[in-house]
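Reviewing the structure listed below.
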Amino acid sequence: MSTDFQQFLSLADESFQQTFREIFGGGEAQLSLQQEEDPFTAGVEIMVKMPGKKAQSLNLLSGGERALTCIAFIFALLRLRPAPFCLLDEIDAALDQTNLVRFAHFIKNMAESTQFIVITHRQATIEAGKKIYGVTMPQNGVSSVLSLTLPEVESIAG
Amino acid sequence: MSTDFQQFLSLADESFQQTFREIFGGGEAQLSLQQEEDPFTAGVEIMVKMPGKKAQSLNLLSGGERALTCIAFIFALLRLRPAPFCLLDEIDAALDQTNLVRFAHFIKNMAESTQFIVITHRQATIEAGKKIYGVTMPQNGVSSVLSLTLPEVESIAG
Amino acid sequence: MHLKRLEIKGFKSFADYTEIHLDPGMNIIVGPNGCGKSNVVDAIRWVLGEPNIRQLRGQRNEDIIFNGSDEKRPLGMAMVEITIDNSNHVLPLDYNEVTLARKYYRSGESEFFINRSPVRLKDINQLFTGTGMGKQGYSIIGQGELETVLKGQPFDRRLMLEEAS
Amino acid sequence: MHLKRLEIKGFKSFADYTEIHLDPGMNIIVGPNGCGKSNVVDAIRWVLGEPNIRQLRGQRNEDIIFNGSDEKRPLGMAMVEITIDNSNHVLPLDYNEVTLARKYYRSGESEFFINRSPVRLKDINQLFTGTGMGKQGYSIIGQGELETVLKGQPFDRRLMLEEAS
Ligand SMILES: Nc1ncnc2c1ncn2[C@@H]1O[C@H](COP(=O)(O)OP(=O)(O)OP(=O)(O)O)[C@@H](O)[C@H]1O
Ligand SMILES: Nc1ncnc2c1ncn2[C@@H]1O[C@H](COP(=O)(O)OP(=O)(O)OP(=O)(O)O)[C@@H](O)[C@H]1O
Ligand SMILES: [Mg+2]
Ligand SMILES: [Mg+2]
């Protein structure tokens, strides 16, 4: 008979499996409870399999693969237990063009039901935005913020 | 009367000050020995001042400012004590366009006297290269390497 | 519930008064290195009741007050105010709009306000209990923090999931 | 001294034989996520004598042998060979060209070679003593390792500088 946490974990696992497949366009992912006598102190294991590759321990994944796996995990939690808003600071830094476009597409959909505030340097992510703010320092050391349109971004994004 | 290490530290400090100013186009940087009774166990302090801003403790710097400061430190050591070759894996990830161009310019000069092998996704860094290799996986899970020219990079860089 | 407006004065690099109106959907912040983007995230964390200066990349509490530049002298106070749309009453208050404000003076004094009434820091923190925005949260991912999800011990992941459940 | 040629077979994602000729100046490696760029860095570290599998993102020694994909079966051995231009005799050998090779079998056996002569791992490591490529080195910065320069304790920075001096 499973604990409250084990029940929640099974929901989180389901959400993670689905979110992972959507974001990576395939592959498999799983959350599971460590095999330990006490189910109240056992930790949570993550297993992922990239499309076409074998299941690997997380440490053997590439920088971009790990980043997108973490993003899938966070988005899986947000879908299961929506937060009122989500702040993301340059989480797309390690993604290549293909993965970046997937990420931008995915987050644009999630923004239908959750408010996002996203700091980014990447064009695809910027284009998913409803509102764009440019932060600059026309005077050294003093920040200044202005609302931007997409064409204006070119000159300001670092 | 200073120890061997203190003498080397003063050379490293000089190289770091100069390299930092060149890379940032201004500002100041300094390495110094912590004030401790035993000069053999004292650690090394770093102080930096970005152009136009006040001297800050490192933790208050931005992601890009910290990245470029670390790059200045490593390049300062390389100029002082050249290594036969230098391997850099995506160290330009956090730099904005302006800092990236400075970095690319700087590393291109250093490559006159030191061999560099640089993994990057950034266009300015790619253009500083003499030889370009593209790594792909035409067959899932199996890497394949081919020599590329600059125009060919567009299709392959992630 | 969503964030509507952010007002910042004297907080870190925001020496001048700054007002940011947020869309209920997708907001993007861009700009060069070191211009203040992550400082906006710090400002939001701070006004929502972050007690630990180290979570805001500081070492001493006064690190969050504008400490001057080549052309401007240091300021004596940091202030951040956030206006939240509460029409679905996620926050346990009878208002459709909730404004939180936080001030910190170089003297070491702090002030906290909910809809202009002075409160204590714990009152602000208690406002968010059960809204999914706790300490182990997954709703604020700071710069360089993305991999902590995977990198930690399996037990830390459990804690994060328990927070969510 | 500079690296001239790298040959890889069976190491991590390099199931097929791969040969890379390096320029004495600036070499750039590009490609999508997960295609093997950082694995090239791991291969260079490995053939130059890295004893610790954790420095190569592995947990068990056999993690560096190609372990199969959906279309290819696992291999039984990993091999990396590096050819070094030694015309300035930075390496204490009488040759203008030095070739180092390292093999690892699933059985757990290892083989090491300098110019085709079998040697031990420590012989390869001792070759580089005093060339500025030691453990605290600043000549190999892996993915995500850039900030370790600043982030560590002041004493770690000292160790890195002592290594350089
Ligand atoms: N109390 C303070 N007073 C004045 N300036 C400060 C203060 N605290 C931090 N800063 C400055 O704010 C800048 C950091 O801003 P921030 O981290 O928001 O940059 P960023 O826009 O996120 O850049 P990046 O793209 O590099 O991450 C630094 O230059 C830092 O010196
Ligand atoms: N022993 C192994 N057998 C087969 N594949 C492996 C092995 N070890 C690692 N890999 C695979 O190699 C890939 C990682 O490659 P690498 O880290 O070089 O990517 P990368 O090109 O640097 O990508 P990124 O741009 O995301 O950093 C992973 O997909 C991983 O699963
Ligand atoms: Mg930032
Ligand atoms: Mg990599």
Side-chain angles (χ1 to χ4, degrees), chain A residues 4-5 8-9 12 31 34 41-46 58 66-67 69-71 73-74 77-78 80-91 107-108 111-112 115-121 125-126 128-137 139-145 148 153 156-158, chain C residues 1-3 12-16 18-41 44-45 66 68-72 84 90 131-133 137-147 149-151 153-158 160-162 164-165:
Chain A
D4 278 343
F5 179 71
F8 177 73
L9 185 62
L31 299 174
Q34 276 179 327
T41 60
V44 173
E45 300 265 341
I46 300 185
L58 295 176
R66 263 207 309 279
T69 299
C70 296
I71 289 168
F73 181 73
I74 288 158
L77 287 184
L78 279 171
L80 187 62
R81 289 275 190 278
F85 60 86
C86 187
L87 263 57
L88 305 170
D89 195 341
E90 293 195 35
I91 68 170
I107 195 176
K108 188 169 182 176
E112 307 273 312
Q115 180 183 42
F116 278 89
I117 299 163
V118 180
I119 297 175
T120 183
H121 291 292
T125 308
I126 294 168
K130 193 92 180 297
K131 230 177 176 182
I132 303 172
Y133 277 103
V135 187
T136 51
M137 274 191 172
Q139 207 187 125
N140 268 330
V142 178
S143 296
S144 163
V145 184
L148 297 176
V153 170
I156 204 180
Chain C
M1 168 185 152
H2 63 263
L3 310 178
K12 291 202 171 190
S13 58
F14 288 89
D16 297 338
T18 302
E19 196 168 320
I20 300 173
H21 292 257
L22 295 163
D23 189 275
M26 177 85 149
N27 298 273
I28 298 288
I29 301 178
V30 298
N33 291 141
C35 67
K37 306 181 295 296
S38 300
N39 288 347
V40 173
V41 174
I44 293 173
R45 275 179 144 145
F66 177 74
S69 67
D70 277 3
E71 299 152 26
K72 225 176 177 101
I84 302 170
V90 167
T131 60
M133 293 171 49
Y138 49 94
S139 61
I140 301 183
I141 312 287
Q143 197 164 2
E145 291 176 10
L146 180 61
E147 288 206 3
V149 172
L150 291 192
K151 263 188 180 162
Q153 291 302 318
F155 191 68
D156 297 326
R157 273 173 231 152
R158 175 184 186 127
M160 185 196 224
L161 285 166
E162 285 186 332
S165 65

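Letters go in sequence order (proteins before strands), and every chain restarts at 1.
Here the CD-CG distance, from A/Q115 to C/D23, works out to 7.5 Å after rounding to the nearest 0.5 Å. Distance check, rounded to the nearest 0.5 Å: CD of A/Q139 to CD of C/E71 gives 5.0 Å. The CD1 atom of A/I119 sits 5.0 Å away from the CD1 atom of C/I29 when rounded to the nearest 0.5 Å. Interatomic distance, C/E147 CD to A/T69 OG1, rounded to the nearest 0.5 Å: 9.5 Å. Between atom CD of residue A/E90 and atom OG1 of residue A/T120 there is a gap of 7.0 Å, rounded to the nearest 0.5 Å. The CG atom of A/L31 sits 9.5 Å away from atom CZ of A/F8, with the distance rounded to the nearest 0.5 Å.
Only the side chain of C/I44 comes within less than 4.5 Å of a heavy atom of chain A; its backbone N, CA, C and O stay farther away. Residue A/F116 touches chain C through both its backbone and its side chain, counting heavy-atom pairs closer than 4.5 Å. For A/A12, the part lying near chain C is the side chain, with the backbone staying farther off; criterion is any non-hydrogen pair under 4.5 Å. If you measure heavy-atom distances from A/I91 to chain C, the contacts under 4.5 Å come from both the backbone and the side chain. For chain A, the nearby parts of C/K37 are the backbone and the side chain; heavy atoms of each come within less than 4.5 Å.
Residue with the most contacts toward chain A among C/G68, C/P24, C/A15: C/P24 (heavy-atom pairs, distance under 4.5 Å). Interface remark: of the candidates A/L77, A/T125, A/N140, A/I107, A/L77 forms the most heavy-atom pairs closer than 4.5 Å to chain C. Heavy-atom pairs under 4.5 Å with chain A peak, among C/V41, C/L3, C/V90, C/L22, at C/L3. No other option in A/C70, A/S144, A/C86 has as many heavy-atom pairs under 4.5 Å with chain C as A/C70. Comparing A/L87, A/L58, A/I46 by how many heavy-atom pairs each has under 4.5 Å with chain C, the most go to A/L87. Interface check for chain C: of the options A/L9, A/L80, A/L78, the most heavy-atom pairs under 4.5 Å are formed by A/L78.
Contact annotation: the side chain of A/I71 never approaches that of A/L88 to less than 4.5 Å [non-hydrogen atoms, C-beta and beyond].
In summary, the side chains of C/S38 and A/D89 do present a donor paired with an acceptor at a separation below 3.5 Å, with no hydrogens or angles considered.
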